[in-house]
Q: 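Just passing along the structure, written as structure tokens.
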Amino acid sequence: MDPRQRPYRSVLYIPGSKERALDKARGLPVDAIIFDLEDAVSADEKDNARETLKAALAQGGYGQRTRIVRINGLDTDWGRADAEAVRDMDADAVLLPKVNAPEDVDALAAITGELPIWAMMETPRGMLNAPAIAAHPKMQGFVMGTNDLAKELQTRFRPDRLPMMTSLGLCLLAAKAEGLVIVDGVYNAFKDDEGLKAECTQGRDMGFDGKTLIHPAQVDIANEAFAPSPEEIDLARRQIEAFAKVEASGQGVAVVDGKIVENLHVATARETLAKAEAIEALKAG
């Protein structure tokens, strides 16, 4: 399956240093895993974390889940060693934190070679350079780092995320323009199901492909929010059928539920069905 066509409804952070967590992740119904060598690993565990994660990935068992490794920044004491280690791991992509400009991606690509790169978008400069970062030939996906971004912007956390909208919108536009995957930032209150549902719904409505998660308890909510609903799947099928009938007869316009169906609606309907099929294939795998 083309990496850009895969589901990314739920993207769970897992500490790269915790063998038990790495093992548990093999059985979680997530679409992707970010194996973290950065924030989730203390300074004195950095070296061990690389070896622990490399062994876990070599052992396998993660099925069709996308395996993304987040390294430390190249401006840190551990970044280069992380990048060199990931290059030799059985991973699908490497995630670079605090990407400010395309040159940051160049520096990583010089180490990791052909491995696809994802960017943590979490700084004001990164927001302003989002189109150029998205256009980098090695770039495959954006991950919104909303906690770090809020710190940099000196915003207050609000349920409607109004202070974040400009930043989220800039990254969404850049990602969509280049055909990248883009996943929303984490929801910190992992016991607040209703709050998570609301933020997932908002993210889905905005156009995000999924949400990054900090706890397995959040997975089911994200999976449901970012998957086509039964109603959306039914509507998509009826729109495609109605349009095909009108096209075959060569007359009139297609109408479904009192609304005109045009080419663009059919294209969206096909994307909806393709996403539903990809989710089912991931479950089956």
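None of these values were measured; they are calculated from a predicted model.
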Q: Taking all atoms of both residues into account, what is the closest heavy-atom pair of Ala242 and Val256, and its distance?
A: CB-CG2, 3.6 Å
Q: What residue pairs, at least two apart or across chains, pass ring pair (Phe, Tyr, Trp, His ring centres under 6.0 Å) with a residue in residues 47-100?
A: Phe35-Tyr62
Q: Please name all residues satisfying side chain to side chain contact (heavy atoms under 4.5 Å, CB included) with Ala134, sequence neighbours left out, ordered by chain then number.
A: Phe142, Ala174, Glu178, Leu180
Q: Could you pull out every donor-acceptor pair under 3.5 Å between side chains of residues 143-150 and any protein atom, sequence neighbours left out?
A:
from   : atom 1 : to     : atom 2 : distance (Å)
Asn147 : OD1    : Asn188 : ND2    : 2.9
Asn147 : ND2    : Asn188 : OD1    : 2.9
Asp148 : OD1    : Lys98  : NZ     : 3.4

Q: Do any pairs count as a ring pair (Phe, Tyr, Trp, His ring centres under 6.0 Å) and have a residue in residues 158-179, sequence neighbours left out, and if so which ones?
A: none
Q: Distance-only check: which donor-acceptor pairs under 3.5 Å involve side-chain atoms of residues 100-111, not counting sequence neighbours?
A:
from   : atom 1 : to     : atom 2 : distance (Å)
Asn100 : OD1    : Thr123 : OG1    : 2.5
Asp104 : OD2    : Asn100 : N      : 2.7
Asp104 : OD2    : Ala101 : N      : 3.2
Asp106 : OD1    : His136 : NE2    : 2.7

Q: Side chain to side chain donor-acceptor pair (under 3.5 Å) for Ser10 and Asn223? Distances and angles first, verdict last.
A: CA-CA 6 Å; Ser10 51; Asn223 279 347; 2.7 Å; yes
Q: Listed by chain and number, what are the side chain to side chain contact (heavy atoms under 4.5 Å, CB included) partners of Glu231, not counting sequence neighbours?
A: Ser229
Q: Evaluate whether atom NZ of Lys18 has more than 12 neighbouring non-hydrogen atoms of other residues, nucleotides or ligands under 6.0 angstrom away.
A: no
Q: Among pairs that include at least one residue of residues 111-130, which meet salt bridge (charged side-chain N to carboxylate O under 4.0 Å, His left out), considering only residues two or more places apart or in two chains?
A: none
Q: Mind listing the closest non-hydrogen atom pair of Met127 and Met121 along with its distance?
A: CE-C, 3.5 Å
Q: Around Leu264, counting heavy atoms of other residues, nucleotides and ligands shown, do more than 12 lie under 6.0 Å from its CG?
A: yes
Q: Phe243: which residues meet the ring pair (Phe, Tyr, Trp, His ring centres under 6.0 Å) condition with it, sequence neighbours left out?
A: none
Q: Which donor-acceptor pairs under 3.5 Å do the side chains of residues 204-214 make with protein atoms, sequence neighbours left out?
A:
from   : atom 1 : to     : atom 2 : distance (Å)
Asp209 : OD2    : Ile182 : N      : 2.9
Lys211 : NZ     : Asp184 : OD2    : 3.4
Lys211 : NZ     : Gly185 : O      : 2.6
Lys211 : NZ     : Glu199 : OE2    : 3.0
Thr212 : OG1    : Asp184 : O      : 2.6
Thr212 : OG1    : Val186 : N      : 3.3

Q: Determine the minimum heavy-atom distance between Val99 and Ala119, stating which atoms define it.
A: CG2-CB, 3.6 Å
Q: Quick one: side chain to side chain contact (heavy atoms under 4.5 Å, CB included) partners of Pro228, sequence neighbours excluded?
A: Glu232, Ile233, Thr272, Lys275, Ala276, Ile279
Q: Hydrophobic clustering (ILVMFWY, side-chain heavy atoms < 4.5 Å, transitive) - are Val183 and Leu196 grouped together?
A: no
Q: Tell me yes or no: between the side chains of Asp192 and Tyr187, is some donor less than 3.5 Å from an acceptor?
A: yes
Q: Could you list the residues that satisfy salt bridge (charged side-chain N to carboxylate O under 4.0 Å, His left out) with Asp77, not counting sequence neighbours?
A: none
Q: Can you sort out the partners of Phe190 under ring pair (Phe, Tyr, Trp, His ring centres under 6.0 Å), two or more places apart, ordered by chain and number?
A: His215
